[in-house]
Amino acid sequence: MNEKTLSTPHLHAVAAPNDGWKMLLYKEVLRFWRVAFQTIAAPVLTAVLYLMIFGHVLSNRVQVYPGVSYVAFLVPGLVMMSVLQNAFANSASSLVQSKIMGNLVFTLLTPLTGWHWFVAYVGAAIVRGLLVGLGVYLVTLLYAPPQAASVLWIAAFALLGAGLMGVLGLLAGLWADKFDQMAVFQNFIVMPMTFLAGVFYSIHSLPGLWQTLSHFNPFFYMIDGFRYGFFGVSDVSPWLSLAVAGGSFVAVSVVTLRLLKTGYKLRG
């Protein structure tokens with residue numbers, strides 16, 4: 001009788017992890033949603049300020065694509081920039097904050113696998129990135145008419161971009177033990193690569209050397225492919241952009257999952 005009493009809870013405990021990632025995902029989404037004014041509204045405001053300033057100054061001086069105003073050209077770049085930056089910030093800041101506050105131990109005590117962590121943290125990052133991107137797009141409709149040459153390309157690059165940056169943020173969160181270490185990723189990798197990816201310009205307007213260097217920036221392919229979904233015009237083939245973005249996602253995911261499996265900087 002005693003053996004049955006002890007074994008039954010044990011069997012239930014083994015089955016629980018299959019759904020455990022859902023609770024972790026819910027926790028991560030709730031974490032940023034509770035402070036939506038800071039995590040969603042503030043980035044939307046920042047992007048709109050970029051649009052107002054650059055659009056006002058350069059709208060009559062720059063035309064990148066025939067028949068496309070400079071303000072309209074800016075919209076996809078600003079939307080994708082917001083998606084990328086906020087997806088990264090969500091997973092990175094969440095993990096580092098848990099380390100600093102000491103509540104990460106409660107997650108470590110659960111029988112969740114590395115895949116569960118990966119899906120929950122990256123999933124929440126995708127949700128936040130897409131929410132901010134959608135907010136930016138809706139507000140920019142006040143300044144430029146809606147355009148969509150291919151909704152499928154728009155959706156594909158939005159999801160892939162948010163996913164890639166969510167994984168990169170998780171990788172940064174695993175490596176960093178405090179916020180100033182996480183800022184190294186943010187300030188020296190994410191921000192420069194984002195601003196040098198063609199958000200405010202076409203790479204064809206750059207000198208030869210900088211054009212060549214831009215082709216080594218995976219962020220460029222995500223923004224260029226995303227912009228193709230709006231106008232049907234891009235600096236490189238959208239299929240090449242999809243291949244580079246997809247390959248980058250797979251490569252970073254493999255490294256991150258390996259670190260999660262080994263408990264890198266998580267278990268002592």
Side-chain angles (χ1 to χ4, degrees), residues 64-65 68 73-92 118-119 121-123 125-126 128-130 132-133 136-137 147-172 174-175 185-259:
V64 182
Y65 299 143
V68 178
F73 172 84
L74 279 179
V75 169
L78 290 173
V79 171
M80 181 55 89
M81 181 181 74
S82 301
V83 170
L84 299 180
Q85 292 181 349
N86 285 275
F88 173 87
N90 196 76
S91 51
F118 182 88
V119 172
Y121 277 94
V122 176
I126 292 174
R128 177 178 167 185
L130 294 182
V132 174
V136 172
Y137 178 69
Q147 291 182 263
S150 174
V151 175
L152 288 178
W153 281 114
I154 292 174
F157 281 102
L159 286 170
L160 193 55
L164 174 58
M165 296 309 293
V167 179
L168 189 61
L170 183 55
L171 181 61
L174 288 171
W175 173 79
F185 270 81
Q186 184 77 34
N187 296 330
F188 294 98
I189 298 178
V190 177
M191 290 290 286
M193 291 180 71
T194 302
F195 279 99
L196 295 175
V199 174
F200 303 100
Y201 56 86
S202 167
I203 65 165
H204 291 309
S205 64
L206 298 175
L209 175 62
W210 288 103
Q211 281 194 41
T212 302
L213 292 176
S214 294
H215 285 89
F216 290 94
N217 181 0
F219 290 21
F220 157 71
Y221 295 96
M222 289 185 288
I223 291 175
D224 195 58
F226 187 68
R227 186 173 277 132
Y228 177 84
F230 283 84
F231 307 122
V233 182
S234 57
D235 290 332
V236 299
S237 167
W239 292 104
L240 174 61
S241 296
L242 187 66
V244 172
S248 300
F249 174 78
V250 171
V252 178
S253 296
V254 168
V255 173
T256 304
L257 281 167
R258 177 61 181 170
L259 294 179

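Taking all atoms of both residues into account, the shortest heavy-atom contact from I203 to Q211 is O-CG, 2.9 Å. Heavy-atom minimum distance, F73 versus V68: N-CG1, 3.9 Å. Heavy atoms only, all atoms of each residue included: A162 and A87 are closest at O-CB, 3.5 Å.
Between Y137 and F230, the ring planes are tilted. Angles from 30° to 60° get that label.
M165 places a side-chain heavy atom less than 4.5 Å from the side chain of V190. You'll find the side chain of F88 reaches within 4.5 Å of the side chain of F185, heavy atoms only. Contact of the N86 side chain with the N90 side chain is not registered, since no non-hydrogen atoms from C-beta on lie closer than 4.5 Å. The closest side-chain heavy-atom distance from Y228 to V236 is not below 4.5 Å. Proximity of L130 to L159: side-chain heavy atoms (C-beta onward) are separated by under 4.5 Å at one or more points.
Note that CZ of F220 is 7.0 Å distant from OG of S214, once rounded to the nearest 0.5 Å. The distance from the OG atom of S241 to the CZ atom of F226 is 13.0 Å, given to the nearest 0.5 Å.
Looking only at distances, no side-chain donor or acceptor of R227 sits under 3.5 Å from a matching main-chain atom of V75. Counting only distance, with no hydrogens or angles, the side chain of S234 and the backbone of G225 share no donor-acceptor pair below 3.5 Å. With hydrogens and angles ignored, the 3.5 Å screen pairs no side-chain donor or acceptor of S202 with any backbone N or O of G198. The closest donor-acceptor contact from the side chain of D224 to the backbone of D235 lies under 3.5 Å.
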Applying side-chain contact (heavy atoms from CB on, under 4.5 Å), run through V132 and V83 and close with a yes or a no.
CA-CA 6 Å; V132 174; V83 170; over 6 Å; no

side-chain contact (heavy atoms from CB on, under 4.5 Å) between F249 and L168: does it pass, once the steps are laid out?
CA-CA 9 Å; F249 174 78; L168 189 61; over 6 Å; no

Might you work through the side-chain contact (heavy atoms from CB on, under 4.5 Å) test for L78 and F200, ending with a clear yes or no?
CA-CA 8 Å; L78 290 173; F200 303 100; 3.9 Å; yes

side-chain contact (heavy atoms from CB on, under 4.5 Å) evaluation trace for F157 with I223
CA-CA 8 Å; F157 281 102; I223 291 175; over 6 Å; no

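For F118, the ring-ring contact (aromatic ring centres under 6.0 Å, His included) partners at least two apart in sequence or on another chain are W115.
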